[in-house]
Amino acid sequence: MVLIRILPSWAIPEREVTPPSVYYNRRRFLKGAIAAGIGATLLPTLGCQDRSISSAKLASGTKPLEASPNPQFTDAGRPLTAEAIASRYNNFYEFGGTKSIWQAAQALPTENWKVEVGGLVKNPRTYDLDDLRRKFPQEERIYRFRCVEAWAMVVPWIGFPMRSLLADVEPTDRAKFVRFTSYYDSQVTPGPGFHLGSLPWPYTEGLRIEEMANDLAFFATGIYGHTLPKQHGAPIRMVIPWKYGFKGAKSIVKIEFLAERPATFWNTLVPSEYGFEANVNPNKPHPRWSQATERIVSDGPAISWERQPTLPYNGYGESVAALYTG
Ligand SMILES: Nc1nc2c(c(=O)[nH]1)N[C@H]1C(S)=C(S)[C@@H](COP(=O)(O)O)O[C@H]1N2
Ligand SMILES: [Mo]
């Protein structure tokens, strides 16, 4: 199937710089458009119409979200993953134990969402989505994404760096860790449908404060030029690009600053397989598989896979390695 995609903000012609990944995607878009018999002069209009078509088809319930690209993160060194792939291949165990949970996830109720921030902070706050978007300017960042299961994508997130939130709530000197809690309601989130004993719901994740303060640590409220679809963790989720994907908890309702390291979902369930730190590391195999290479989820006639070497810290070592010298 030729993907008629949105013309996303990073492909708008007036952008001065066109990094290779953008060029690649634009070219692919053009090829698709030409194959469909659409003249190049019609593209800007098509772009607009197409955005609404694609919102309906690819990202139900989302709204366009404006954000300027952060020039530091416009080229992830690999082609961007097509939205039709990224939004149909997800992990969200609250809604099922397979990669095909996008329809089940539409049951997530996101109206009047609140994020409660408290614990060891000077300014405990409860934000709604408008507060978050008003207080913390939204930007777009294209990041590599690496799941512990050894598959990888490249995703254009919209959101804000976690350190903006730190500046607003001001953790006290006693705060050393932070716990993030995902939405959970047993009436709405049936779980994976297989039983690993009882699961430690709600899904929680944790970071050291210094990790949260790193410029790369990000809260995403959007993706591919619009608000997050539910399967990606609407309306706000974590993105920690140098760690395995499970560290990025979805649909965050609570953030707590703590003196001690918190228990987390996967680390509680299988501590031997899912460490607390979980930095992407080609030299540290998962007990059941190698992490030396990864499968790139890419689009073609169907999902295709291509193996690449895994990069230490998922390629972000320059920014984060200093956090782990101690
Ligand atoms: N609440 C919650 N967050 C979660 C998960 C989950 O099951 N529940 N899965 C994690 C895993 S294993 C991965 S790889 C990513 C997948 O994110 P994506 O589906 O948006 O690509 O979400 C992470 N965050
Ligand atoms: Mo994952």
Side-chain angles (χ1 to χ4, degrees), residues 58-59 62 80-108 110 113 115 142-159 179-186 188-194 196 199-207 218-224 226-255 264-270 273-275 278-280 286 288-289 291 294-298 303 310 314:
L58 293 179
T62 67
L80 197 75
T81 303
E83 175 169 20
I85 301 294
S87 66
R88 295 288 185 276
Y89 189 86
N90 305 94
N91 273 334
F92 204 168
Y93 281 85
E94 287 87 336
F95 293 101
T98 72
K99 297 286 175 286
S100 307
I101 53 73
W102 70 271
Q103 283 159 309
Q106 303 314 309
L108 178 79
T110 53
W113 195 270
V115 183
I142 299 180
Y143 276 164
R144 288 183 293 279
F145 182 90
R146 173 59 155 80
C147 174
V148 72
E149 298 158 341
W151 51 266
M153 298 186 181
V154 175
V155 181
W157 302 106
I158 294 170
R179 170 170 55 209
F180 303 83
T181 303
S182 295
Y183 174 91
Y184 181 72
D185 177 344
S186 61
V188 178
T189 49
F194 52 76
L196 303 157
L199 298 174
W201 303 119
Y203 194 101
T204 54
E205 258 309 333
L207 295 172
F218 202 65
F219 284 115
T221 58
I223 192 168
Y224 295 100
H226 51 70
T227 56
L228 283 180
K230 295 181 179 186
Q231 63 269 31
H232 280 301
I236 177 167
R237 58 92 57 85
M238 308 166 61
V239 182
I240 311 295
W242 71 96
K243 292 180 181 284
Y244 292 120
F246 70 87
K247 293 297 290 183
K250 295 180 168 183
S251 306
I252 299 293
V253 294
K254 199 193 257 187
I255 300 169
T264 57
F265 184 86
W266 286 108
N267 188 242
T268 300
L269 208 52
V270 203
E273 300 195 354
Y274 309 106
N279 292 328
V280 175
H286 183 280
R288 293 184 281 129
W289 58 84
Q291 295 290 23
E294 57 201 28
R295 294 169 297 140
I296 309 297
V297 187
S298 49
I303 291 183
T310 300
N314 202 21

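Start at 1 and go down the list; that is how both ligands and their atoms are numbered.
Closest to atom 19 (O) of ligand 1, if we only count protein heavy atoms, is K250 NZ, 2.7 Å.
Between A86 and ligand 1, no pair of N/O atoms sits closer than 3.5 Å. Between W266 and ligand 1, a contact under 3.5 Å exists for no N or O pair. At least one N/O-N/O distance between H232 and ligand 1 falls below 3.5 Å.
Heavy-atom separations between F145 and ligand 1 include at least one value shorter than 4.0 Å. Heavy-atom distances between G233 and ligand 1 stay at or above 4.0 Å for every pair. The closest approach between any non-hydrogen atom of M153 and ligand 1 is not below 4.0 Å. Note on ligand 1: A249 sits in its first shell, one or more heavy atoms being nearer than 4.0 Å.
Taking the six-membered ring where the residue is Trp, Y244 and F246 present parallel rings, their angle staying beneath 30° rather than reaching 60°.
A search for side-chain contact (heavy atoms from CB on, under 4.5 Å) contacts involving P200 returns F265, T268, L269, not counting sequence neighbours. For S182, the side-chain contact (heavy atoms from CB on, under 4.5 Å) partners at least two apart in sequence or on another chain are E94, Y203, A249.
For atom 5 (C) of ligand 1, the nearest non-hydrogen atom from the set W151, Y203, Y274 comes from Y203.
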